[in-house]
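Values in this document were obtained by computation on a predicted structure and should not be read as measured data. In what follows, chains are A, B, ... by sequence order, proteins preceding strands, each numbered from 1.
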There are 2 protein chains.
Amino acid sequence: MADTVTDSTPGRRERKKRRTRDDLIQQAVRLFAANGFDETTTEDIAEAADLSQRTFFRHFSSKEAVLYGDMDELRLRMRAALADRPADEPPIDAVRQAILTLADNYEAEREHRLLQARLAAAYPAVSAYSRAVVQAEWERELIRAISERLGVDPVMDPRPEIVAGAAMSALRVSIRRWTASSGTDHLPTIVDEAFDALSDLSRLAAAGPPAQ
Amino acid sequence: MADTVTDSTPGRRERKKRRTRDDLIQQAVRLFAANGFDETTTEDIAEAADLSQRTFFRHFSSKEAVLYGDMDELRLRMRAALADRPADEPPIDAVRQAILTLADNYEAEREHRLLQARLAAAYPAVSAYSRAVVQAEWERELIRAISERLGVDPVMDPRPEIVAGAAMSALRVSIRRWTASSGTDHLPTIVDEAFDALSDLSRLAAAGPPAQ
DNA sequence: AGCTTAGTGTCAGTCACTGACAAGATGCAA
DNA sequence: TTGCATCTTGTCAGTGACTGACACTAAGCT
């Protein structure tokens, strides 16, 4: 047993791999912020991390993926938030709280999240990835939680998907507005207003004639 | 005035261009259906239409774009449907009717729309494009119509975006289910149920304990 | 018939991403 | 400690989407 105290669970190999991955993320984010997304090549990123391009693609499946390399942790936090809500709470409220958990994180990591959101606003490829991968994962978490609460099979009953989709849509709009304010507005507040609007969907009435 | 009767408005050049474009769409759709999206190269499509790859990219900005080359017309039809609804109708109802117009078209062009939906389900790149371009355009139409009806500025008031986003989400879910049924279910009916669920969002309650 | 303009082909180039192979590091067992 | 299996990486060659530059031809106009 010549174990040093350092490696508690993961071995040396694991730690090295993790460090390499973190390096790639850090360098990528730095370069994206400095020069833009399209303007940064995967070769640039690998170079900055002193690795080959091939190694970059062994850690991340695309240039977009490295920008969102830290999202898995957030997804799990959201899942935990859902599990913590009382089982008899109306699903839409549990969902609102889960989304607020995400919003809190955006405030806590304001600079980084703002960069991601700005790049998504500026580069279609980033926006597409964010929706198709990151947000799709969040949405799946919501669908799973909602169908459990309703006690229904999400394949048969469309309501979990409808609710989750509406919630994700509200989040997207909220983040867009938060980004437009450069993160000066309070995202959880924006999200709260968005969910209020969602509850009032059917009560939304057309305006009368413009001041008669 | 040596006009022949054939070219009523667009000149020979325009017609030729249009025909080339239509050829590309037709060949692309045929090849996608036969071999799959990733399995078909832009070179294959150009070749099948007896054109150079460079010309393909002069008509379509991406391989995804050619698959949705017929969507502009549908968007305009949706816009017209929105304009036709009474101005004092609740926005959510006008939106529902607009989406039902889309659904009707999906039934009318079942085979083609089903192919698009299947390719979107099978190929992430297609799904991403569909959302980021096609559906984003539809959503913008909704936002514009809703803010006009509410008499508000969509930059200041988040409600138009919220409503439009929720509606688009309901449409996506509906199309997914319609696709899963291979188009045998009636899409307008599915859409109607989705909008009913949307109206009942806040009344959705958790199930009691599983049969005590 | 001339002149301008727009659509096309060809060619060369960039860049994201992938498969194959070899080499060095790591974990593990004898 | 040694030996072997496994993992991570680098190198190299290749595919395919997409773009800029240039020359050529057809279409519209006078």
Side-chain angles (χ1 to χ4, degrees), chain A residues 1-4 6-24 27-28 31-32 35-68 119 123-126 128-129 132-133, chain B residues 1-4 6-24 27-28 31-32 35-68 119 123-126 128-129 132-133:
Chain A
M1 334 178 160
D3 289 338
T4 57
T6 49
D7 55 338
S8 48
T9 311
R12 171 117 108 247
R13 205 178 250 165
E14 283 293 312
R15 273 178 288 131
K16 208 165 194 170
K17 189 175 176 181
R18 170 78 195 195
R19 212 177 312 139
T20 302
R21 187 190 143 90
D22 290 346
D23 279 358
L24 282 170
Q27 295 302 323
L31 289 169
F32 290 158
N35 308 323
F37 185 81
D38 286 348
E39 292 72 15
T40 304
T41 70
T42 55
E43 181 64 47
D44 291 339
I45 301 169
E47 179 71 18
D50 199 28
L51 294 165
S52 73
Q53 189 202 33
R54 195 65 183 83
T55 295
F56 173 92
F57 281 108
R58 287 209 178 87
H59 284 269
F60 298 98
S61 58
S62 70
K63 196 166 86 171
E64 288 77 31
V66 69
L67 177 59
Y68 292 100
L119 290 173
Y123 300 90
V126 177
Y129 183 91
V133 179
Chain B
M1 349 169 142
D3 289 337
T4 58
T6 48
D7 53 340
S8 49
T9 312
R12 172 114 113 247
R13 205 179 249 165
E14 283 293 311
R15 272 178 289 130
K16 207 165 196 173
K17 187 176 177 183
R18 170 76 193 198
R19 211 178 312 138
T20 302
R21 186 190 145 90
D22 289 347
D23 279 359
L24 282 169
Q27 295 302 323
L31 290 169
F32 290 157
N35 308 324
F37 184 82
D38 286 349
E39 291 73 15
T40 304
T41 70
T42 56
E43 180 64 46
D44 291 339
I45 300 169
E47 179 71 19
D50 199 27
L51 294 166
S52 72
Q53 189 201 33
R54 195 64 183 84
T55 295
F56 173 92
F57 281 109
R58 288 209 178 89
H59 283 270
F60 298 99
S61 59
S62 71
K63 197 167 86 170
E64 289 78 30
V66 70
L67 176 60
Y68 292 100
L119 290 173
Y123 300 89
V126 178
Y129 183 90
V133 179

Discussion item. Tell me the closest heavy-atom pair linking A/Thr40 and A/Asn35, and the distance in Å.
Written reply: OG1-CB, 4.1 Å
Worksheet item: Of A/Glu47, A/Gln53, A/Lys63, which meets side-chain hydrogen bond (donor to acceptor under 3.5 Å, both in side chains) against A/Thr42?
Response: A/Gln53
Worksheet item: When the nearest nucleotide of DNA chain D is assigned to B/Lys16 and to B/Thr41 on a heavy-atom basis, which residue is associated with the more 5' position?
Response: B/Thr41
Discussion item. For B/Phe56 versus B/Ala46, what's the shortest heavy-atom pair and its separation?
Written reply: CB-CB, 4.3 Å
Practice prompt. Could you tell me the separation between the CZ atom of A/Arg18 and the P atom of D/dC7, rounded to a whole number of Å?
Written response: 20 Å
Worksheet item: In whole angstrom, what separates B/Gln53's CD from D/dG16's C1'?
Response: 8 Å
Worksheet item: Between A/Ser61 and B/Lys17, which is nearer to the 5' end of DNA chain C once each is assigned its nearest nucleotide?
Response: B/Lys17
Practice prompt. Take the protein atom CD of A/Glu47 and the nucleotide atom P of D/dT9, then report the distance between them rounded to whole Å.
Written response: 16 Å
Practice prompt. Can you figure out which of C/dT8, D/dT8, D/dG10 approaches the side chain of A/Leu51 most closely?
Written response: D/dG10
Worksheet item: Rounding to a whole Å, what distance do you find between B/Phe60:CZ and C/dG7:P?
Response: 14 Å
Worksheet item: Please give, in whole Å, the distance from C/dT5 P to B/Glu14 CD?
Response: 16 Å
Discussion item. Can you identify which nucleotide, out of D/dT8, D/dC22, C/dC17, has its nearest atom closest to the B/Arg58 side chain?
Written reply: D/dC22
Worksheet entry | Nearest-Å distance for atom pair CG/C1', residues B/Asp38 and C/dA16 | 14 Å
Worksheet entry | A/His59 side-chain N/O to D/dT8 phosphate OP1/OP2 under 4.0 Å | no
Worksheet item: A/Leu24 has an atom CG; how far is it from atom C1' of D/dT8, in whole Å?
Response: 13 Å
Worksheet item: Quick one: is D/dC7 close enough that its OP1 or OP2 comes under 4.0 Å of any side-chain N or O from A/Arg13?
Response: no
Discussion item. Of the listed nucleotides (C/dT8, C/dT18, D/dT19), which one gets closest to any side-chain atom of B/Arg54?
Written reply: D/dT19
Discussion item. Students often mix this up, so state it plainly: with edges at 30° and 60°, are the rings of A/Tyr68 and A/Tyr129 parallel, tilted or perpendicular?
Written reply: parallel
Worksheet, complete the sentence: Taken to the nearest whole Å, CD/B/Glu39 to P/D/dG16 is 11 Å
Discussion item. Between A/Thr42 and C/dC15, is there a contact of a side-chain N or O with OP1 or OP2 at under 4.0 Å?
Written reply: no
Discussion item. Under a 3.5 Å distance rule, please check whether B/Thr20 uses its side chain to pair with a backbone N or O of B/Lys16 as donor and acceptor.
Written reply: yes
Practice prompt. Considering just the side-chain nitrogens and oxygens of A/Ser52, establish if one lies under 4.0 Å of OP1 or OP2 belonging to D/dT11.
Written response: no
